[in-house]
J.: 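Below are the structure tokens for one structure; questions will follow.
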Number of protein chains: 4
Amino acid sequence: MKEKEQKILDTSLKLFVEKGFHGTSTAEIAKTAGVATGTLFHYFKTKEELIDRLYIYTKESILEEVQGDYDENNPFKENVKSLWLKFVCLGIKDPYKFNFIMTFHCSPYITSFTKGRIEEKFVELLEIYKKGFEEGEIKEIYDELLMDYFWGNILNTIMHFEQNPEKMNKENVDLSFELFWDGISR
Amino acid sequence: MKEKEQKILDTSLKLFVEKGFHGTSTAEIAKTAGVATGTLFHYFKTKEELIDRLYIYTKESILEEVQGDYDENNPFKENVKSLWLKFVCLGIKDPYKFNFIMTFHCSPYITSFTKGRIEEKFVELLEIYKKGFEEGEIKEIYDELLMDYFWGNILNTIMHFEQNPEKMNKENVDLSFELFWDGISR
Amino acid sequence: MKEKEQKILDTSLKLFVEKGFHGTSTAEIAKTAGVATGTLFHYFKTKEELIDRLYIYTKESILEEVQGDYDENNPFKENVKSLWLKFVCLGIKDPYKFNFIMTFHCSPYITSFTKGRIEEKFVELLEIYKKGFEEGEIKEIYDELLMDYFWGNILNTIMHFEQNPEKMNKENVDLSFELFWDGISR
Amino acid sequence: MKEKEQKILDTSLKLFVEKGFHGTSTAEIAKTAGVATGTLFHYFKTKEELIDRLYIYTKESILEEVQGDYDENNPFKENVKSLWLKFVCLGIKDPYKFNFIMTFHCSPYITSFTKGRIEEKFVELLEIYKKGFEEGEIKEIYDELLMDYFWGNILNTIMHFEQNPEKMNKENVDLSFELFWDGISR
DNA sequence: TATGAATGAGTCTTCATTCAT
DNA sequence: GATGAATGAAGACTCATTCAT
């Protein structure tokens with residue numbers, strides 16, 4: 001990716017999260033990114049294409065950082081915690097990306113084509129964990145609810161520590177995981 | 001409250017949720033509400049005053065519907081479930097109000113004065129439950145995390161059933177509560 | 001019609017003729033008309049609606065001024081000349097309107113609905129002359145060609161005197177009519 | 001002329017006629033012509049130089065095709081008709097060139113230097129016919145009116161058959177010429 | 001020669017807000 | 001109280017033109 005294109009994406013991630021889609025003007029994005037307005041529209045035909053591609057970019061970069069870690073020799077809970085922790089740490093370290101996904105995954109500006117394309121990759125990632133779920137360590141829950149519970153909990157945890165940074169320490173993060181795990185485990 | 005004022009509040013609730021603050025023009029609100037633009041500004045000095053007062057109105061109307069139900073004779077879990085259920089049912093029945101709160105409780109348009117004023121009332125409502133928490137039925141968690149876990153879970157549940165309406169039945173709602181309860185209970 | 005609306009129409013007539021549709025900015029129209037840009041868009045939803053309504057307005061105002069003059073007692077040539085002269089004089093007196101029609105009657109900005117609506121009225125006007133045409137004073141020409149010859153000649157004459165104002169006198173105008181009349185008469 | 005230069009001229013002729021000067025962007029011209037925007041500006045310093053040179057190119061190519069045909073042995077009317085017909089046929093075969101001249105001969109984008117330079121050549125072409133005019137076969141008309149009547153008639157005829165292609169046959173073309181000839185002849 | 005990324009002034013249009021009626 | 005015409009600043013997007021490659 002070209003340097004300016006990258007700069008525009010990074011800048012709009014920040015601004016869209018802070019001020020919303022309509023609350024952020026393309027002029028402001030361009031200025032903050034240090035490019036001309038024309039340059040923004042050179043890379044992104046419209047503001048909507050910008051947010052759409054930003055969505056892909058953001059979700060893919062999250063996925064990349066979380067990739068492949070399942071270790072069959074470890075207990076299932078360990079594996080789940082490791083994944084949960086990765087998401088949470090990532091979210092705390094880089095809250096803009098998570099906030100962006102949270103805010104815009106329901107937004108009409110993201111085309112359903114884009115949403116679908118990305119959703120697939122997530123399902124793929126979680127496929128490995130499926131066996132553990134089926135082996136009876138956790139309650140009998142249908143897929144969608146499990147998914148939403150998992151995600152909701154992660155986002156909730158991230159937001160909690162974002163707003164209460166003084167509370168963030170290993171103990172409290174572990175506690176948060178226990179709230180989650182005791183909820184789903186039998 | 002005057003009829004037109006009420007109509008403007010109801011209309012903006014819907015529109016702000018669907019299209020965001022900047023995505024909704026005062027002209028559209030007025031037109032949809034069936035009043036003149038001038039009338040909107042007669043009741044609300046600015047667009048920001050409108051959303052600020054809408055926030056109060058919405059949260060108060062939620063609080064009202066959830067009020068006073070604690071029964072000391074029932075087991076603590078019952079009381080908590082009853083409150084949890086009230087919120088969830090309300091959220092499913094009237095998703096706009098919940099979505100609005102969810103979306104705008106972090107928004108800079110809502111003055112911190114307003115946020116504070118409302119927060120107090122919530123704390124008040126939950127005061128009654130404090131005793132139960134302290135009696136050791138649940139894990140030892142600091143207040144803020146408990147609060148966020150409680151709220152996060154409710155919102156998560158509402159959103160889940162909003163997006164999977166075919167899954168909504170007593171069994172699954174109970175299941176959702178169990179996920180929550182087993183998480184916090186010892 | 002409101003005063004400002006009228007002012008906008010008059011101004012855009014002049015500017016569209018002088019600088020073309022794309023060559024004239026809405027800002028310039030508004031400024032020249034002495035109104036705010038917002039006011040222009042209050043009366044005309046888009047620039048295209050403006051030119052479309054301007055087309056109607058212009059053609060109707062021409063038609064009005066040329067209306068009803070046929071006198072059965074006069075020779076046919078007299079009647080035709082009287083009409084021809086009215087158009088020519090009008091075009092010389094108020095060249096913007098004629099130039100506008102000339103320039104934009106083929107333009108894609110004028111909707112075909114508008115074009116059709118106006119065309120009808122012209123046909124109506126000329127209906128009275130039909131009898132004369134049929135009585136053999138003029139050559140046997142099919143309607144469309146007759147129409148185009150008539151119009152083409154009028155526009156041509158107007159443009160000629162517009163560009164050679166020093167040549168404009170009764171004698172030369174009469175001469176121009178003879179060029180036309182001797183062309184179609186038997 | 002270089003191939004790309006030629007391609008740019010041909011493309012802009014078409015686009016300027018269809019969408020006007022301001023309605024056609026240099027980017028569109030370049031893209032349609034199959035060259036880069038930079039290439040367009042390599043051959044034509046500015047957009048205005050492009051249209052100016054296009055005007056010359058177009059008028060010269062018309063003149064070339066109409067050149068030298070006067071035959072002293074034929075009757076004057078024959079000679080005039082032959083010229084008239086050449087223009088009309090050319091205009092029907094290649095309406096873009098005629099439309100372009102028609103639309104832009106009054107345009108401020110064409111420098112008066114260019115206009116003058118071309119006008120001379122036309123006058124030259126018509127010089128040969130002057131004798132016939134003076135010999136009394138036609139009415140006594142001053143030069144400018146004769147010129148405008150001649151041109152106006154040709155353009156009018158071309159536009160008529162362009163818009164009524166089903167009417168175009170030898171008979172009707174001859175009829176059109178008669179309208180013209182009977183107008184100017186004594 | 002030829003390219004196309006980069007520019008920023010300029011375009012059409014929207015919007016919160018005011019005010020005379 | 002209620003209206004909606006009027007405003008002009010601001011927004012998304014376009015465009016002629018330049019310049020490094």
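Below, read A as the first sequence line, B as the second, and so on, with proteins coming before strands; counting in each chain starts at 1.
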J.: Nearest whole Å is fine: how far is E:dT1 P from D:Lys2 NZ?
T.: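 After rounding, the gap between these two atoms is 3 Å.
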J.: Send over the distance from B:Ile51 CD1 to E:dA16 P, rounded to a whole Å.
T.: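 Between P of E:dA16 and CD1 of B:Ile51: 12 Å.
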J.: Would you kindly give the CD-to-C1' distance between D:Glu49 and F:dT17, to the nearest whole Å?
T.: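 These atoms are roughly 13 Å apart.
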J.: By nearest nucleotide on DNA chain E, pick out whichever of B:Phe41 and A:Ala36 is the more 5' one.
T.: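 By nearest-heavy-atom nucleotide position, the 5'-most residue is A:Ala36.
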J.: Quick check for you: among F:dA2, E:dT17, E:dA6, whose closest atom lies nearest to any side-chain atom of B:Tyr43?
T.: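 From the listed options, F:dA2 comes nearest.
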J.: Can you check the B:Phe21 CZ to E:dC15 P distance for me, whole Å?
T.: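 The answer, rounded to whole Å, is 13 Å.
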J.: OP1 or OP2 of E:dA16 versus the side-chain N and O atoms of B:Lys45: is any pair under 4.0 Å?
T.: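 Negative; the distance criterion is not met.
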J.: Quickly work out the A:Lys31 NZ to F:dC13 P distance and round it to whole Å.
T.: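 After rounding, the reported distance stands at 20 Å.
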J.: Between A:Phe44 (CZ) and F:dA12 (P), how many Å, whole number?
T.: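 Taking CZ of A:Phe44 and P of F:dA12, I get 15 Å after rounding.
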J.: Determine the minimum heavy-atom distance between A:Phe44 and A:Glu5, stating which atoms define it.
T.: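 That closest heavy-atom pairing would be CZ-CG, 3.8 Å.
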J.: Could you check whether B:Gln6 and B:Tyr43, counting side-chain N and O atoms only, form a donor-acceptor pair closer than 3.5 Å?
T.: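 Short answer, no.
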J.: CD1 of B:Ile29 versus P of E:dT14: gap in Å, rounded?
T.: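 Atom CD1 in B:Ile29 sits about 17 Å away from atom P in E:dT14.
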J.: Atom NE2 of D:His22 and atom C1' of F:dT14: how far apart are they, to the nearest Å?
T.: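 Taking atom C1' of F:dT14 as the reference, NE2 of D:His22 is at 14 Å.
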J.: Should the side chain of A:Thr39 and the base of E:dA5 be counted as holding a donor-acceptor pair, with the cut-off at 3.5 Å?
T.: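 Not at all, since no donor on one side and acceptor on the other fall under 3.5 Å apart.
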J.: Please answer whether the main-chain N or O of C:Leu15 pairs with a side-chain N or O of C:Thr24 as donor and acceptor at a distance below 3.5 Å.
T.: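 Looks like yes, one N/O pair under 3.5 Å.
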J.: Which residue, B:Gly38 or A:Thr26, contacts DNA chain F at a nucleotide closer to its 5' end, judged by nearest heavy atom?
T.: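 In this pair, the answer is B:Gly38.
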J.: From the set E:dA5, F:dC13, F:dG11, return the single nucleotide nearest to any side-chain atom of A:Ser25.
T.: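 Selected nucleotide: F:dG11.
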J.: Determine whether any donor atom in the side chain of C:Thr37 lies under 3.5 Å from an acceptor atom in the base of F:dA9, or the reverse, and answer yes or no.
T.: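 Pair found.
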J.: Could you check which nucleotide pairs with F:dT21 in any of the strands shown, counting Watson-Crick or G-U wobble with both distances under 3.5 Å?
T.: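 Looking at the geometry, F:dT21 pairs with E:dA2.
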J.: Would you indicate which nucleotide in F:dA12, F:dT17, F:dA6 comes nearest to any side-chain atom of A:Lys47?
T.: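 Of the candidates, F:dA12 comes closest.
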J.: How many angstroms lie between CD1 in A:Ile29 and OG1 in A:Thr37, if you round to the nearest 0.5 Å?
T.: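 Reported to 0.5 Å precision, the distance equals 11.5 Å.
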